[in-house]
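Take a look at the structure set out below.
Keep in mind that what you see is a predicted model, and the values were worked out from it rather than measured.
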Amino acid sequence: MFNITHISFWIVFAALLFFTRKQRILWPLLALALLLLFNDIFTPGFFNLELREGHLYGTLIDILKHGGIVMLVSLGMTLVIATGGVDLSVGAVMAVAGAVLAQAAINHQSPFVAMIFALLVSLVLGAWNGLLVAGIGIQPIVATLILMVAGRGVAQLITEGQILNFTDATLVYIANGYLLGMPFTCTLVLVLLAVTYALTRGTALGLFIESVGDNDIASRYAGVNSRFVKFIAYVFAGFCAGLAGLVAASNIKSADANHAGLYAELDAILAVVIGGTALTGGRFYLLGSIVGALLIQTLTTTMYARNVSADIAPVPKALVVIAVCLLQSDKARRYFTRLFPRRNPPAAMTETLTAAAPKVEAGS
Amino acid sequence: MSDSLLEVRGLSKSFPGVRALQGVDFTVRRGEIHALMGENGAGKSTLIKVMTGVYERDAGTTRLDAKEIFPRSPREAEACGISTVYQEVNLIPHLSVAENICLGRQPTAFGKIRWGAIMQRATQALARLDLDIDPSRQLSACSIAIQQMVALARAMDVSAKLLILDEPTSSLDERECEELFKVIRKLRDEGMGIVFVTHFMDQVYAVTNRITVLRNGQLVGEYLTSELPRLELVARMIGKDAKEVAAMESQQPGMRSVRDEKPFLEVRNFGRKGSIAPLDLSIRPGEVVGLAGLLGSGRTETARIIFGVDKPDCGEMFLDGERVSISSPRAAIRRRIAFTAEDRKIDGIIPNLSIRENIVLALQASRGTWSKLSRAKQDELADKFIKALRIKTPGPEQLIKNLSGGNQQKVLLGRWLATEPRLIILDEPTRGIDVGAKAEIEKLITDLRRDGLAILFISSELEEVVRTSQRVVILRDRKKVGELAGDAISEHAIMNQIAAPTAESKAVVDV
């Protein structure tokens, strides 16, 4: 287990922690590092990587692959939460997108046309949410609850109550294919991350989202078109959910209106919060949400790997989530540092924590 | 002092960061109507809320009928004999008048409501106030004034000794006010103690016997209404000596010359029901127009309808002689109007964003989402305004919430100046900031005026208005009551206009 890739992995991770030591993303990264370290020590074979037919296999790759869905959803969710809202309907939108995809594929549409249909429908669903929240002014939690409940019904209508199977190679490739040795979902996540980044930071949208989420009234007084900003966020969240719906359907080669994307909204919200974006809105952290999604998937995979029964798994998951959230809260950190008085001045705290990371190699 | 009904002594109450009341004494006697006066934030509502058990006091005593009381909830206060009628009617619109009067204390028999008894009690309560209202009528079908009377009847249904009226007249017209006054005079004559809170000075002189003035959470004094001229009352409320103000009249700076230019902004018969009566107002480029009046006199409301936050329901607005209608702040900004709002924290700063982001926000918003200001341009703007406005900060990436109030205000000014406005509306730009920063902002206003900006300047500090304005518009009770220009501007003249009774209200006064 002391191979080169293994050691270099930890060196890279330690460097990552060091360079982010003054940033908010440190805390989810640190939690991820601790979780991986735990597995490295106690879960045999967790870090094993294999190259078969030019494709990488292993538990770490599985985490990237299966975490893709939450990562995609959480990117859109990040923007919605940053405006001070929330989108509960993303799971249902995933189901609808999968249903549209499968129905189109079965009706002999080309795979690309099927995908475009599915994504267009999710854009429309996102626009519906945006209209309710930004246009009519319904509270986000209530507005998106409507589609959360109704969306699965719509998906059932589209699939006519059946589980629709498809075999098209292109559609199966989305979740099961490999590109450059890595699962194709990784590429998808990277592309969407780049698109989201360009959309928010390449334009003024990111500034407007943050200002609307931080202080809606003051933003409107400054001339920000708060409704438009919110509308865009919900449309984009719909798009992200649609993309995740394609991956979810492709994964099982079928559209399951009842189970596709079930509880995806909760995982996505969690990933966003772990990533450092406050539920009250304001500053958002796209990379933080990605790390948050990775953390959640690593946790889930850890549970499987350690044979924790699926019924009990939410309990340790909840404990880790609480720990991460506490770690992020300045107040809680101050409280803990007061509990354990240290010799170093408190300013050196982040330094000490990151300094602990290199020790990881010694432990493995 | 055997006739004193309520004695509050040394009452203090703090909220995080604010000392709302500091050692306040307050006495209400039997058979008097006692006005509680002070500007917003003076502590009137805190005092009332402590007396009625909404808040718990930090220190002090309250005695009612020489018995110490300590109400912990409005219900307990009611049981002690303190009843309150609030500004907004706190009744249930779709229940009947009778049900509202007896709500929460319905007479029952074996757990069943005795409807007959409710009607009887309601009829009695209404009769006591000489009100001719059908108790079975649904409350929402009654006018606001009648609803107010029902609230009063409800307050009287319990055996109240002390009645507190918290701005009961703000939604009533003159005739309805008279109805209300008739009722409360009757209650006074029956020996009840009545506390009356209002912003309307005419009403204070119409019905009250005594006045207690609060300022900044402290007691200024207690006066007989008949012995306290209006001018004195205003002076007490804003913390000035009337004679001192009169004496300051002579020393005027000589920068009153008004250029004979066409106004940039002109509004005619411009108003909104419930916030400001229709008024005329014009501002020329290179002119500071002061908007003076007590808090709650309609100053902010005027600014809000000009900036498009609230929609006017009458009148016309002209910019550069062209008739326009401004429906939102965004539309106003497009017309190059800027507005720094009164409450910096709520309407101004984006607390968790940096100084740079706060400065570029309005300019970026006017450019739209897709044409982003480059980072270099943003840095340049931030640096420019940090230097020009002398914002004290370690750097442009500091979060604005970490700055002092004065520096936050400067950042907000920077935000607007970056949009190169032609009219800037400053609503209390110097509130809550230290003296040094105040002077800087005042100087800045003068500089901007010289650069040809039109400025509407709202301030509670009259000497500021006098120092900086070329013209002053005076508001009272949400009406424009006067305008002063050039050398006629003085604190004394402004105060006289704020305090002067209006012609029609003189006719109503009949204490």
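- Rounding to the nearest 0.5 Å places CG of B:N352 at 9.5 Å from CD of A:E210.
- Of the atoms belonging to B:L412, not a single heavy atom falls under 4.5 Å from chain A.
- Between the OG atom of A:S211 and the CG atom of B:L353 there is a distance of 6.5 Å, given to the nearest 0.5 Å.
- For B:T369, the parts sitting under 4.5 Å from any heavy atom of chain A are the backbone and the side chain alike.
- Contact detail for A:R220 and B:P329: the closest heavy-atom pair is O-CB, 3.4 Å.
- For residues 123-139 of chain A, a heavy-atom distance under 4.5 Å to chain B picks out no residue at all.
- Under a cut-off of 6.0 angstrom, the local environment of CD in B:E420 is sparse, with at most 12 non-hydrogen atoms contributed by other residues, nucleotides or ligands.
- Surrounding CD1 of A:I141 are at most 12 heavy atoms belonging to other residues, nucleotides or ligands under 6.0 Å away.
- For A:R201, the CZ atom sits in a packed shell: over 12 heavy atoms of surrounding residues, nucleotides or ligands are nearer than 6.0 Å.
- Along residues 221-228 of chain A, the residues that come nearer than 4.5 angstrom to chain B, judged on non-hydrogen atoms, are A:Y221, A:A222, A:G223, A:V224, A:N225, A:F228 in order of number.
- To the nearest 0.5 Å, atom CG of residue A:D216 and atom CD1 of residue B:I346 are 13.0 Å apart.
- Only the side chain of B:I333 comes within less than 4.5 Å of a heavy atom of chain A; its backbone N, CA, C and O stay farther away.
- Contacts between B:R304 and chain A at a heavy-atom distance below 4.5 Å involve the side chain alone, from C-beta outward.
- Looking at A:N215, its side chain never comes within 3.5 Å of a backbone N or O of B:G348 through a donor-acceptor pair.
- Separation of atoms CD1 (A:I217) and NZ (B:K345) is listed at 14.5 Å; rounding is to 0.5 Å.
- Between the side chain of B:D347 and the main chain of A:A218, no donor-acceptor pair closer than 3.5 Å is present.
- Between A:R283 atom CZ and B:I350 atom CD1 the span is 11.0 Å, to the nearest 0.5 Å.
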